[in-house]
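Working notes for the structure below.
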Amino acid sequence: MLVVGPLGVGKTTLIGTVSEIRPLATEAVMTQAGARVDSPAERSKTTTTVALDFGRITIDEDLVLYLFGTPGQPRFLPAWRDLARGALGALALVDTRDLAASFDAVGHLEDLGLPFAIAANVFPGSPDHSADELRSALDLLPDTPLVACDARDATSSVKALIALVRHLVHTTTETS
Ligand SMILES: Nc1nc2c(ncn2[C@@H]2O[C@H](COP(=O)(O)OP(=O)(O)OP(=O)(O)O)[C@@H](O)[C@H]2O)c(=O)[nH]1
Ligand SMILES: [Mg+2]
């Protein structure tokens, strides 16, 4: 599974929260050189993923998920074509304080034909949009799952992954 979304939305956090192995992270310090183009909503953020995150979670005895987190910056979008090869689906994290920042990621998943679920991460100051408003803003298909998520919380993050797995089981059964 891919875990995608814009800069600082919580991809590395979610994989670290749920992984049963020590997660692989490729964090690098964000420098002045990138300040003009890299502006995370979370001002306190000092590092960013520069290659990928990797973690693993066992859902049940038949199902083990390998989680690949992408970098968040739009300039890394081409890199995820490689990460997406062989992926079954994606969890797309969105920050409702800046929905437009998620359009690229969601559009890219659609271009790749990769089924996905949306996890709206709640941050301090997140506006209180209804599910219908979020669906309409992100132009989601009716069957695309949309769940609220706190990437720092294991139960919440696992629930988001389960919503994705359910969706994948459903879409695969329908198309087979
Ligand atoms: N309130 C809140 N904070 C979060 C959540 N997820 C992550 N954070 C915080 O947001 C910051 C950024 O999280 P990261 O996990 O590094 O974000 P990322 O998406 O991997 O960022 P890039 O790799 O730079 O694209 C961290 O300080 C997290 O503690 C969330 O669901 N809720
Ligand atoms: Mg990251």
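Whatever order the structure lists ligands and atoms in, that order sets their numbers, starting from 1.
- Between A151 and ligand 1, an N or O atom pair is found at a separation short of 3.5 Å.
- By the neighbour-count criterion of 12 heavy atoms within 6.0 Å, atom CG of D128 is sparsely surrounded, having that number or fewer from other residues, nucleotides or ligands.
- Taking distance alone, with nitrogen or oxygen atoms compared against 3.5 Å, G10 approaches ligand 1 more closely than that limit.
- In this structure R85 satisfies the side-chain hydrogen bond (donor to acceptor under 3.5 Å, both in side chains) test together with D82, sequence neighbours excluded.
- Contact between S156 and ligand 1 is absent, with no heavy atom of the residue lying under 4.0 Å from the ligand.
- Counting heavy atoms closer than 4.0 Å to ligand 1, residue Q73 contributes nothing at all.
- Only the backbone of V122 comes within contact range of ligand 1, with a heavy atom under 4.0 Å; no side-chain atom does.
- Polar contact with ligand 1: absent for T70 (N/O pair, distance under 3.5 Å).
- Of the polar atoms of E27, none of the N or O atoms is found under 3.5 Å from an N or O of ligand 1, judged by distance alone.
- A donor-acceptor pair is defined here as one N or O able to donate and one able to accept, closer than 3.5 Å; such a pair exists between the side chain of N121 and the backbone of V9.
- Excluding waters, the protein N/O/S atoms found under 2.8 Å from the Mg ion (ligand 2) are T12 OG1, T49 OG1.
- Ligand 1 places these atoms under 4.0 Å from at least one heavy atom of T48: 22 (P), 23 (O), 24 (O).
- The side-chain hydrogen bond (donor to acceptor under 3.5 Å, both in side chains) search around T49 returns T12, E27, not counting sequence neighbours.
- Using modelled atom types, one side-chain atom of T171 and one backbone atom of H167 make a donor-acceptor pair closer than 3.5 Å.
- The shortest distance between side-chain heavy atoms of V3 and D53 does not fall below 4.5 Å.
- For ligand 1, the atoms closer than 4.0 angstrom to any heavy atom of P124 are 1 (N).
- Between L52 and L83, some side-chain heavy-atom pair lies under the 4.5 Å cut-off.
- Looking at ligand 1, you'll find an N or O of T49 within less than 3.5 Å of one of its N or O atoms.
- Contacts classified as salt bridge (charged side-chain N to carboxylate O under 4.0 Å, His left out) and involving residues 5-20 (residues at least two apart or in different chains) are given here: E20-R56.
- Of the possible donor and acceptor atoms, one in the side chain of R135 sits under 3.5 Å from a partner among the backbone N and O of T144.
- Close approach of ligand 1 to N121 is summarised as follows: ligand atoms under 4.0 Å from at least one heavy atom of the residue are 6 (N), 31 (O).
- Distances from atom 22 (P) of ligand 1 to the heavy atoms of G8, A148, C149 put G8 nearest.
- Proximity to G72 (heavy-atom distance under 4.0 Å) selects the following atoms of ligand 1: 25 (O).
- Heavy-atom minimum distance, T17 versus A151: OG1-O, 2.6 Å.
- The only member of W80, F116, F76 that meets ring-ring contact (aromatic ring centres under 6.0 Å, His included) when paired with H108 is W80.
- On a distance-only criterion, T13 and ligand 1 share at least one N/O pair closer than 3.5 Å.
- V29 places none of its side-chain heavy atoms less than 4.5 Å from the side chain of T48.
- Checking only distances, V9 does come within under 3.5 Å of ligand 1, N or O to N or O.
- Remark: R22 CZ is loosely packed, at most 12 non-hydrogen atoms of other residues, nucleotides or ligands lying under 6.0 Å away.
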